[in-house]
Each structure stands twice: as C-alpha cells, then as structure tokens.
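One structure is given below, encoded as structure tokens.
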Amino acid sequence: MLFDYAYPLKVGKNDIILTMMQSLRNAVTAPSLLSGFVLFNPQGPVAEAQMHIFFTALILMLVIAVPVFVIAAVFAYEYRKSNTRARYMPTWDHNTFGEFVWWTVPTVVIAILAVVSWHSTRDLDPYKPIHAEAAPVRIQVVALDWKWLFIYPDEGIATVNYLRVPTKTPLAFEITADAPMNSFWIPQLGGQIYAMAGMMTKLHLLAETVGKYQGLSGNFSGAGFSEMKFVADAVPPESYRSWTAEVKNASSTLDMSTYARLRVPTIAHASTTYSAVDPDLFTTIMHSFMTARQKPEYHQNHAGTH
Amino acid sequence: MTHAHTLKDNRTLFGFWLYLMSDCLIFASLFATYAVLRSATYGAPGARELFSLEFVFLETVILLSSSFTMGLTVYFAHKGKRALMFGLLALTFCLGTAFIALEVSEFSHLIQEGLSWERSAFLSAFFTLVGTHGLHVLCGLIWMIVLAIQLALPRYHEIVMRRLICLSLFWHFLDIIWIGIFTFVYLFSFIV
Amino acid sequence: MFGRLTLDALPHDPIVIAATVFMVCVGAATLCFVTYFRAWGYIWHEWLTSVDHKKIAIMYGITAFVMLVRGLVDASMVRAQQAIAVGNSAGYLPPDHFDQLFTAHGVIMIFFVAMPLMFAIINAMLPLQLGTRDVAFPVLNSISLWLFIAGAVLMNISLTIGEFAAAGWLAYPPLSGLAYSPGVGIDYYIWVIQISGVGSLLSAVNFVATIIKERAPGMTLMNMPIFVWTVFASMTLIIISFPVLTATLAMLSLDRFLGMHFFTSDFGGNPMMYINLIWTWGHPEVYILILPAFGIFSEVVSNFSQKRLFGYRSMVYATIAIMFLSFIVWAHHFFTMGAGANVNAFFGIMTMVIAIPAGVKIFNWLFTMYRGRIDFRTPMLWFMGFVFTFTLGGMSGILLSLPAVDFQINNSLFLVAHFHNTIIGGVVFGYFAGISYWFPKIFGFKLDERLGTYAFWCWITGFFTAFMPLYALGIMGATRRMSHYSDPSWQPFFIVAGIGLVIILVGVFIQFVQIAWSIYKRHELRTPTGDAWYGRSLEWMTASPPPVYNFAIIPHVHGHDPLWARKQYPHPSIPLYTNIELPRNSSVGIVLAACSLALGFTLVWHMWILAALSVMGIIGAVIARSFVTHTEYILSAHEVARIEARSNAL
C-alpha cells in the first residue's frame, strides 16, 4: 500500500471504509447518482487515501457527536417544564466525575485524530514523490489569466487547458503562475496546491485508471476564474507515447513571442497543443518576478487589459 | 485630589495602557514584515550598504535624552515646580523636533539617491516601519503643544496631571519602539 | 480637487441604478419624516450625541439590521446567479458584478452585521451585568459607534459611486494589488474596514477597561457572569488581533497609493506574507464573534432551565483556552500553500485541539439542562438549534483541519458550507437568542413568542436546506466563487440551496414583523417588574428599560447569580439615594466620524487636498474635545428618588 497511515481502520484485509463505500454503491440503484461525488470516486492512490482519512475522522467524531445529539434530545424532552415528575435540582452545578469524563473523552478522540493527522500529513505531503514501477513524468504548470499552461519539459511539448497523462505513472507537477494566485486541482486524482507568481510549488499525483477527469482552479483569481478549467485525460502509457509523438509533429511552437500573446487575459481559452517549447520558458516566467534584470515590459501594461 | 479623581485616573491610565499594547502590536506586525522582507532587496542596496551607524547613534541619543527630560517633566510637575516643568517640556519638544528633522534628512537623502520605497520590498518595509515611528513622534509633539497650553491654564489643573502621565507613557513607549528599531533595523544590519 | 472621480463613476447597470434610487428614496423619506415631525432636536440630543451605552446599543442594532438586509440581498443575487448560470446560460450577472457581490456579502456580514450585533448586545448588557452605571469611557464608546457607522456609510456609498472590491472578502494580493485591481473597489474595501476597525479596537479597549475597573463591589473575576467572561476573552482578542489587521491593510494601501512592494509579485514583495498576516487576524476574528455567543447561551440555558450553570470553572477555563488557541491555528486556512508537512501537521493538530474546550462547553450546557425545569421560549429554541447545527459545523471543521483532507475540500463549497454552518449556527443563533432574551430588558416589553418561534423554524429549516447542498457540491468538486459552471448535474443542488435561502428570508421577514408587532402590542407584552424571565444576574435587578443611571444604588455582590440569591433570601431595606454623576452628551463622535468618512472617500478617489483637510478636521476635533472641561453633570438624589418612585409605580 502506498500510503499506509491513511488506513488506520484496516484490520488485515478488511477495510471498514472500503466495505462501507462498496455497500453504499451497491445500495444505490443508479450508480450515476454517486459518481458525481467525485471526491468519493477517487481514481488514484492520493485521492483514495484522502477519502479514507475523511471517513476515518468522520467515524471517530461520531463518538462525540452521537452522544451530544442523544443527550440533547433526551434532556430537552425529559426536563421540559411541563414534566413535573422529573427531578428538579436548581443548585446542582458541579460533578467532578462528569467533568472528568467530558474533558477526557474528547481529549482521547482528538489525540487519536492527531496521530492520524500527523502521519497522514507527512505521508500525503504533496511534495513527496510517489514511487511506482514506471519512471515519473515531469509536467510544469503555469496558471495564466485565465487558463492553464502545461509544459512537458522532457518531451519538449506544451498544451493549454488540456492535460494528457499516462496511467499508473507518477506525475511530478512543478507549479507557478503568471497571474494572481490560483490553485491547481484535479479532485479525482488528489488534492490541490497553490500556483503563485515568482514561486514554484510541487504536487505529486498518480492516475490509476483510464478516464477524463475535471481539473480546475480552486482559488479565486478574477473575472475569468469560473472558466479556468481543463480536462485531465488519463490514457494507457502506450497511447500517451503515441500522443506525444503526434503533438511533436504538429506545426505550432511556443516561443517567447507566442507566450507574450498567450499570457494576455482570455476567458475560456480553447485547448491548444504546441509541438515545441522554449526549454527555459518555465524558469523565465518564474524569474521574471524575482530579479530586476529580467523584468519584462509587459508587467506594467498588464493592468490596462482589465 | 478627590477619591473620584483617583478612580478616574486609575481607569484612564489602564485604558491608555491597553491602547499602548495594541499600538505595540501594530509595530510588531511591521517588525515581522521587516524581518521577512529584509533580504528582498531586488538588486537594490540592502541594509548594510545604506545605514550609517554614527548617524543613527546620534538619533538614538537624542530620543533617549528626550525620554529622560520627559521623566523629569513629570517629576517636577508632581513637585509643583512649574517653571522647571515647562522648561523641561520645552526641552523635550526640541529634542523630539531634532529627532524628526534628522529622520526627514535621512529619508530625503535616500530618496535623492533613487532609493525610495518604490525601489524594493526591503525599502518599503524600512520606510514604513521607521516612518510609522516618526509619525507617532510627530503626534507626540502636537500633543505636547496642546498639553503645554492646558498646563498653563488654571481651569485644567484637575485633569492635566493625568494627561501628562499618559503623554509620558506614550513618549517612553516610543523610546522602547525606537530601541527595537535601532537594534533590529540598524545594528543587525552590521552584525548579521 | 476631485482626483479620479468623474461622472463615469455613477452607476450604469440597471440593477445598481435601481438599488441607488431605492437607497436615495429611503434616505430622503427618512429625512422628510424627521423634518416633518420636527424631530431633529430630539434625535440630535437624545440619540446622535448620546453617550448612554443603552442608546448606543440600540443604534448598533439598527445599523446591523439595515446592513443585514443588504447582505441578504447580495446573498440572494449570488444564489440566483448560481441557480441559473449553467452550461450555455451565462446567468444574469457579468462575472465582475458577481465577484463584487460575494465580496460585499462577506464583508458586510462579518464587519457590518455580526460585529455590530455583538457590540449592540455587549453595550446593552455588559454594564448592567457588572452592576455599573456606564462603560469606562462613555465618550469613547460614542466615537466607536460613529466610526463604525462611518464605515457602513462608506460601504453603501461604494454601491453607488464607483465599484466595490471584487477579490473576495479577504482581498488576497496580488489580485488585490494595483497590477490586477487598478479600480477603486479595493480602496473602498480598505478604508471601509480601516475606519470601522478602529472603532472596534476602541470599543474593545473600553470594554476590557470596564470589566477590569468597573465591576460592582464584591464581584470578583470568578463571580462574573459567564457572558462577561466571554466578552473579556473576545475583547482581549480584538485588542491583540485588530492591530494586525490595521497594519496589514495599511501596507496593502501603501502598495496601492505609494507604489510600495509589500505584497506585489515582483520587486521582492511577498503576497504569502499578506495571507499569513490577514489570517493572524482572521482566525481570532471568528472566535471574537463566537465567544460572546457562547456567553449568551450560558446565560440562556441557565435561566430557562431555572438552574445554576453547570461547571462554571470549566466554562471559564475553556473560554480562556479557546482564546489562546485561536492564535496558533491561522495557517490552517492555507495548508495548500505548500508550507511543508510538519508545519501543516502542527497547525492541523492545534486546530483540532480547540474542539476539546468547545466540546466541554457543549456538555456543560447539556448538563445545565439536566434536572432543570426547561421553559422552551425562543431564546432556548435558538440554543437547541445551536447545539445540533454547531456540532455538525464542528465536525466539518475537524475534517477541514486534517491537512490531507483539506487538500481536497479547501476552497470548495464544502468550506463555504462549513463556515456558514458555524457562523449561522453559532454566532447568528447566539445573537438572536441574546436579542430575544434581553430585548425586554432594554425596551421594557417582550418580543412576541409565536412569531419568534416561526422565525426560528424558518431559520433552521432554511439553513439546512441552503447549506447541506453546498456540502454535497463540495464533495462533487465545486469550488466557491463561481459565476458559472458547466456540469448540469450540479444545478439541482444550487436550486435547492436557493430555496433554502428563500426560507431564511421568510424567517428574517417574520423577525421584522415580530419587532413591529411587538411594538404595536407593547402594552400587553410589558414586563412591569423589570425582571422579564425570573432572572439570576444583576441586569434584572433594575427597571426595564433601565433608567439612565442603570442602578440607583450600586449593588453589592456575593457569589454567582446574585439576583437569584436575593430571591431565595430576601432582605428588604429602605433605599438611600445619593447624587449620581453622569457623563454629558458629546458631538465629538459624530464629528470625528464625519471627518473619517470624508477622509476615506477622498482617499479612495485620490482627492489629496480634501483628504488633507479631513485629517486636519480629525486632529482639530480631538484637540477641541481635549479643551472641554465640564464633561459630567450631577443628577440629584431627589431626582433619582423621583425616577425610582415612578418606575416602581408601573
């Protein structure tokens, strides 16, 4: 198992949560009703582990929440004013044992959750590379106003608002922005990370099954934010390789001048592919915010385009 | 002094302390910001290249001595020696003005060299932190003028002591902030 | 002279024009009404310049309800847009207008509804619960009120002249920086919050000084009502956290006005620092709002169970624990920024730890009900609603506090559902409980019970109908702040959420009717003794509404629930009245607020000369005030006796 700590409720081969989800799926006659809940329909190990922690925490919290709901309902009914048979003790305001219990039980539950949290956070650190048989694919992500640019540095190709990845292969994303802060997020593969100008963040994911998954920006970034979407198309490794070869044969290239046109704000940009890309583009974009020398003119003019 | 007035003094001083604490947190935010942006010079000169320790030492001596004269002002006010009180308050005022003048000259010098707050994040943080302190000193100076008038007029004599103590608290507080600035902004630039 | 203000700033959009016309008409009608009844003198002397904490409380309350209407209109427009803007339909709002709406909704609900409702309740009840005649600094209290109102007015001006911010309620840079938001919207946002924020800070100083210095003789800290304790914790949080907000927004405005580089993407600026700083304020802020609500529930449960509050000490310790913990959890708002696993784990665990004292409080309330005689009046209904709703909100909060889970639900509608769950279920229900509980104290008559019950049921069904779909949508991968989406299977959920909002609106409408109806029926609903609910604490010892001096004779306190104790062991005595010194009215608050409003407006529009004049106005007003000597007047013992005799005769 890739992320052991995400499965504390697993005894031998019996995973309580997996069983629960399975029976839930069986119970609902129309499976399409459930598949819309993308977070509960993970297609990669990261998203699956994250879902497991979600339910583990939920079950643990019920230890506190259920008694609260029951006690509230029972006391409200039993000690209502009209029930004169119930005992009335107007000065009873302290019980050491009782208070000990409800300081201790939540503390224990939170302590267990804290252990789950500590291990799962380190285990599922987005910066931690995923180990698998296949060699990882490196993808550079640039959030622009309002579209996503994906650069495949090892293949020398680039795409806009369209991401094609091989299945069962670790995906190593390096993320920056040439725009306000966005959040790079493919819910069915795993959680998001911010895309920030002049900085690089990292995210490691893996797609287990073939499919088209929604990708989006989580963090509001201005007028075109709602349309900052892309398709994450997970295909078998062989067809991924043939796709890259196909793209390489296309005619359009992404050099600095094409990029200068691309970065002009647009809403709902069509998905595009580029057969060749300036190998330094990603670092150039990042460094344009960091050093005085490389500051391109267009930063000043950007405001005018809004 | 009547019982009611002691109560009121007590209350006012406590309230003023609370205000000083909150003001202290504004400076804490600015100090934290300065610490984060200290190295963000963006190719422009940093703290070590810009500051002259002798100049800042002069500023520090002036502000510290104004704190001393302020303390003496309160002391003589309590003693009822009005001439000394006014004299020392005037001296405090002059020292405060001299401090502001030095700060303005430092700022204008930097700006003339093309190193204004627009040049880098470090300079923004520097001008804002030191400038906010300067603005506080300026407010203190205006307060001194107003209070000097009220000290001179007999009908304010029941309340002016309370105000003088608040002013001196404020002034000492600015001194402490300055020691922080002197240490973290100026001294550290030569050490770290 | 007029900076960048031109006629173009006037509204063009028909919706905004309609709103403007409506606002102008209501304003003009009010002015005409007041003039027709020649009430200007009365309003000026009895209200606008009043430093009486009870009147200040009422003015906070009125402003809060007016702004609540605006916040709800914004919410309705957001819900309507999201109910229809799917697939090929772009909805009825352009993205820019939509973005202003959700930004304004957040700012209004937090700063101009929740905060003033809190200050209304604190102003009304704190001095009465402490057994004192006023707050420590009555004139400062009036200044706080008017600064807050100046902020609210500037907020509404932004609707008509220019635009409001469109960058979310916390205005993250670089989006809120000059490069991406060159318009006046962010500047309005900054000055609206700065002006009202200074008011909040001054209020907090005032209330802490009141609690520390003005308690009735015999009231030790451990004898204070729990509401006072929670106010103390909340106001301490304000004193510590609001300066950070002020400094942060000041730096953002320096970036925008003077071209500094605190939070720009380039020139070495650091937008992540803004996010850290704003949440160092922002997280305590939610506890600033919720702690007084916890205090209100403590009073309500104890009173309507006719029983002592269970575990007073635990309650105090839990309050203090929450106060401290609220400062070391801020980074849980941005686990997704890539701070590293250890940092995230630390902040996540600290966040969960807050659930312990919060859970203890819930159990203590429930065991206050145990072996009580529970009278389910409206305040108690709000409490029961709170227990169920808030516990649910706490659970979703724990889920969000797990960094690994947070990566999947941060920024989603799950998050939106979570904080509405805690803020509506905790803060709003708490304040409504407080209003229905203490209304008779301030006005002398109760609110109609039947309408109050209807309003409660509308709110609670409306809440669940509106926000459960948002939890589901979050799980479906829907983010917050979308003006349009393409997945048609989301639409039914958004429509149900919209229906939920309509139910809440019906609830709010019933509340307004309830107030009007109760005023109409005030003679039947009157509480002649002043003690509307067979109360336990000092506020019920004096007449309702209380006389200007609150207590003719300052009570002596021994132990908890002093009034309850007096009822058990009555010892009648002949009152011996003395002269009472009271603060005179002052117009300095309204003058300062007018100057601050002018300053904010002129800065937004870059009218530098007028801005300088406004600053001079502020300084001048403060100096002029310092020359005023006769700030108090004496109410003679004879007069006090006359007022007391009249209120006892009722």
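Source: prediction; values computed, not measured.
- Counted within 6.0 Å of CH2 on B:Trp17, heavy atoms from surrounding residues, nucleotides or ligands total 12 or fewer; the atom is thus considered open.
- Residues forming a side-chain contact (heavy atoms from CB on, under 4.5 Å) with B:Ser22 (at least two apart in sequence, or on another chain): B:Tyr19, C:Leu201, C:Ile239, C:Pro243.
- Neither the backbone nor the side chain of C:Phe242 comes within less than 4.5 Å of any heavy atom of chain B.
- No part of B:Thr132 comes within reach of chain C, as not one of its non-hydrogen atoms sits under 4.5 angstrom from that chain.
- Checked by atom type and distance alone, the side chain of B:Arg163 pairs as donor or acceptor with a backbone atom of C:Ser626 at under 3.5 Å.
- Atoms OG1 and CZ, on B:Thr128 and C:Phe262 in that order, are 3.0 Å from each other to the nearest 0.5 Å.
- Here the NZ atom belonging to B:Lys8 is positioned 15.0 Å from the NZ atom belonging to C:Lys213, to the nearest 0.5 angstrom.
- Expressed to the nearest 0.5 Å, how far NE2 of B:His157 lies from OG1 of C:Thr629 amounts to 12.0 Å.
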Could you check C:Leu254 against B:Phe127 for side chain to side chain contact (heavy atoms under 4.5 Å, CB included), going step by step and ending with a plain yes or no?
CA-CA 11 Å; C:Leu254 288 171; B:Phe127 275 102; over 6 Å; no

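- Against chain C, the residues from residues 109-118 of chain B that qualify, each with a non-hydrogen atom under 4.5 angstrom away, are B:Trp117, B:Glu118 in number order.
- For B:Leu123, no part lies under 4.5 angstrom from a heavy atom of chain C.
- Proximity to chain B is limited to the side chain of C:Leu277, based on heavy atoms less than 4.5 angstrom apart.
- B:Leu37 contributes atom CG, which lies 11.5 Å from atom CE of C:Met260 (distance to the nearest 0.5 angstrom).
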Step by step, would you call B:Val146 with C:Phe627 a side chain to side chain contact (heavy atoms under 4.5 Å, CB included)?
CA-CA 9 Å; B:Val146 174; C:Phe627 279 93; 3.8 Å; yes

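- With a 4.5 Å cut-off on non-hydrogen atoms, C:Phe137 touches chain B through its side chain but not through its backbone.
- By the 6.0 Å contact criterion, CZ on B:Phe55 is enclosed, its count of non-hydrogen atoms from other residues, nucleotides or ligands being greater than 12.
- Summarising the local packing, OH of C:Tyr633 is surrounded by more than 12 heavy atoms from other residues, nucleotides or ligands at distances under 6.0 Å.
- Interface residues of residues 613-622 of chain C toward chain B, defined by a heavy-atom distance below 4.5 Å: none.
- Going from atom CE of C:Met251 over to atom CG of B:Leu129 covers 10.0 Å, rounded to the nearest 0.5 Å.
- Within a 6.0 Å sphere centred on CZ of C:Phe257, heavy atoms belonging to other residues, nucleotides or ligands number more than 12.
- Between C:His630 atom NE2 and B:Arg155 atom CZ the span is 7.0 Å, to the nearest 0.5 Å.
- For chain C, the option among B:Leu30, B:Val36, B:Leu25 with the highest count of heavy-atom pairs below 4.5 Å is B:Leu25.
- When the shell of 6.0 Å around CZ of B:Phe68 is examined, it contains 12 or fewer heavy atoms from other residues, nucleotides or ligands.
- Close approach to chain C, defined as a heavy atom under 4.5 Å from one of its heavy atoms, is seen in no residue of residues 84-98 of chain B.
- Each of C:Asn270, C:Thr246, C:Thr264, C:Ile240 has some count of heavy-atom pairs under 4.5 Å with chain B, and the biggest count is that of C:Ile240.
- A donor-acceptor contact shorter than 3.5 Å links the side chain of B:Ser124 to the backbone of C:His261.
- By number of non-hydrogen pairs under 4.5 angstrom with chain B, the leading residue of C:Leu258, C:Ile623, C:Leu202, C:Asn276 is C:Leu258.
- Around atom CZ of C:Phe327, more than 12 heavy atoms belonging to other residues, nucleotides or ligands sit under 6.0 Å away.
- With a threshold of 4.5 angstrom between heavy atoms, B:Ile142 approaches chain C through side-chain atoms but not through N, CA, C or O.
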